[in-house]
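Only one structure is covered here, and it is reproduced in the block below.
Both ligands and their constituent atoms are indexed starting at 1 by order of listing.
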Amino acid sequence: MRIYRKGMVLNSIIGAIDGLSMVLALPAMVSLATGETAWGLNFTWWMIMIALLALANAVLRYLGAMNSYQGALDTLNNVHASIGRKLARLPLGWFEAGRAGGISRLVSDGLMEAAQVDAHLLQNVIRNAVALPVLIAGAWLWQWKLGLAMVIALPFMVALMLLAQHIDRAGKRPKAPANRELADRIVEFARTQPALRAAGKSGHYEPLEAAQAESKRANQRGLWLNVLANLVGGIDTQIVVVVLAIGAAIAASTGALGPVETLVIIGIVIRFFQNVTDLVSFAIGIQSGVPSIKEIVTILGAEELPEPQQSAPLNAPGTIQFENVNFEYLPGKPVLENINFQVPAQSVVAIVGPSGSGKTTIARLIARFWDVTSGTVCVGGVDVRKLKTADLMAQLSMVFQDVYLFDDTLLNNILIGREDATREDAIAAAELAGVGEIARRLPNGWETRVGEGGRSLSGGERQRVSVARALLKQAPIVLLDEATSALDAENEQHVLASVEQLRHRSTLLVIAHKLDTVRHADQIIVLSADGKIAQRGTHDELVNIDGPYRTFWQRRVEVAGWRLTEER
Ligand SMILES: Nc1ncnc2c1ncn2[C@@H]1O[C@H](COP(=O)(O)OP(=O)(O)OP(=O)(O)O)[C@@H](O)[C@H]1O
């Protein structure tokens with residue numbers, strides 16, 4: 001704020017000097033032409049005055065520019081740091097809603113747009129806003145008719161410029177969504193080539209053609225409106241300059257103004273016009289930073305999950321408990337209803353149920369991605385809302401489907417699992433999860449960088465790294481979304497072997513897809529499509545009674561090509 005206040009003062013003085021210098025050209029030129037004093041001073045003194053003002057202006061502009069850049073850099077740093085701190089405190093569920101792309105655009109391009117407002121636009125708006133009244137007042141003092149003409153012209157000019165901008169924006173508005181849609185359809189067209197070719201439709205893809213037509217329409221309309229906007233803006237210039245110049249010429253021809261004075265007035269009129277144009281266009285330019293600033297405000301204002309100052313002590317480490325839990329992501333659309341279950345320490349619970357029944361949601365509620373709508377989720381015997389995030393996370397390891405790795409070495413991506421782990425600990429965990437094999441294949445072994453998000457590894461390999469982290473962390477509770485359907489046989493074998501390791505030392509909650517995992521779980525929770533617990537028990541208990549589990553099991557067994565035999 002100190003830098004901003006300093007900037008306001010500096011730029012106001014610069015604006016006043018700008019306006020004054022233009023006004024002083026009038027008496028200076030007249031005294032030069034007539035050889036007499038004007039407003040009490042002769043030409044030499046006026047030139048000294050103007051030179052002093054120019055010097056002061058140069059110094060102040062330098063200070064103003066340095067101040068603006070300093071302000072912009074400070075703002076950038078502060079906003080980056082504030083967004084960083086905020087992201088670390090937001091509930092994990094906040095990140096689920098596809099916000100990552102938006103944040104990344106915001107902290108790169110968006111913040112630069114906002115900083116641009118600080119660095120360039122704001123100072124120019126202040127300068128022009130102050131210079132204009134000084135110029136008009138000076139002109140009024142010299143020739144009140146000139147001042148009056150400026151006062152009358154000003155609202156017309158601003159109105160016409162705003163109209164031109166409005167037309168231009170109306171042309172640009174539909175272009176962005178149409179072009180975005182076209183880009184999305186092109187990507188879709190490329191990605192679905194195998195399916196389209198198989199269906200013999202690769203030469204003619206209607207959604208892409210429709211998007212192309214819409215984009216062409218929007219761009220053509222934008223072009224026409226842009227031409228119209230330029231016309232309106234251009235007419236503005238012509239009308240005002242020509243009218244004021246004609247006025248000055250008429251005054252000159254009637255002898256009311258001398259020739260030098262007339263020339264200076266025409267010069268001032270042109271300068272006046274330039275001033276108004278700059279003011280309006282810089283003020284409009286500020287608008288371009290507004291969406292980014294609004295986004296920043298939205299992020300910084302996003303609701304954090306309330307946290308206690310001190311975590312309550314854990315009274316049953318390694319346990320999970322759901323008591324009368326109801327949950328909805330969107331008001332009025334329940335996802336989980338009246339969920340009750342207990343998971344003893346060091347046991348395995350498998351959650352099964354149809355797609356969309358809320359299996360992943362149960363795991364997310366344990367990790368407090370969201371808070372329950374009603375009821376209680378306990379970890380280690382304590383309501384998760386009574387634990388500080390760091391303490392809750394210390395109890396949990398999560399191996400979910402979308403594993404995103406850091407753009408760092410393979411080893412560091414595993415070491416992130418536990419701060420105090422040694423390289424040997426990490427490699428031991430990694431070997432168990434089958435990551436050693438990946439390291440031996442990579443050019444720099446454990447020190448190979450895995451690329452942003454881990455893109456140089458396959459999905460299954462990334463999941464192995466995630467399992468290695470969990471093995472290293474040795475958290476009392478492991479939440480695992482098996483998702484082995486996406487894994488090839490080799491990856492699957494490693495993940496399953498690791499699960500075996502994990503079950504010996506931790507409580508394991510598995511969103512189970514593998515029949516082996518389900519069958520050997522100590523407890524199976526079967527969710528119904530409407531998010532309720534349909535059945536609960538062990539495999540042997542459930543498979544022998546009529547119900548959704550038996551149906552689920554039989555279908556899976558058929559799909560997997562298993563045969564139920566006596567020995568098994
Ligand atoms: N962030 C979210 N916002 C709104 N609704 C959501 C969100 N995440 C999930 N849902 C909805 O909640 C319901 C349960 O989703 P969840 O992912 O827990 O199911 P699931 O049983 O794990 O499904 P699957 O087996 O397909 O992974 C679904 O109807 C889903 O559309």
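Using a 4.0 Å cutoff on heavy atoms, G353 does not count as a contact of ligand 1. Between R364 and ligand 1 there is a heavy-atom distance shorter than 4.0 Å.
Salt bridge status for R385 with D371: absent, with no side-chain N to carboxylate O gap under 4.0 Å. One finds a salt bridge joining R89 and E304 here, because a Lys/Arg side-chain nitrogen approaches an Asp/Glu carboxylate oxygen to under 4.0 Å. At a threshold of 4.0 Å, the pair R185-E188 counts as salt-bridged, since one of the basic side-chain nitrogens sits closer than that to a carboxylate oxygen.
Comparing heavy-atom distances from atom 29 (O) of ligand 1 across G356, A363, A529 singles out G356 as nearest.
Every atom of ligand 1 with a heavy atom of P354 under 4.0 Å away is listed here by number and element: 21 (O). Near S357, the atoms of ligand 1 lying under 4.0 angstrom from a non-hydrogen atom of the residue are 19 (O), 21 (O). The atoms of ligand 1 that sit less than 4.0 Å from any heavy atom of V335 are 12 (O), 13 (C), 14 (C). The distance from ligand 1 to the heavy atoms of T361 drops below 4.0 Å at these ligand atoms: 14 (C), 15 (O), 16 (P), 18 (O).
Rounded to the nearest 0.5 Å, atoms CG (L208) and CD1 (I186) are 6.0 Å apart.
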Only distances under 3.5 Å count here; give the side-chain donor-acceptor pairs of residues 523-531 to other protein atoms, sequence neighbours excluded, each with its distance to 0.1 Å.
from, atom 1, to, atom 2, distance (Å)
Q523, NE2, Q342, O, 3.0
S528, OG, D530, OD1, 2.4
S528, OG, K532, N, 3.3
S528, OG, K532, O, 3.2

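Closest approach of K473 to R418, counting heavy atoms only: O-CD, 4.0 Å.
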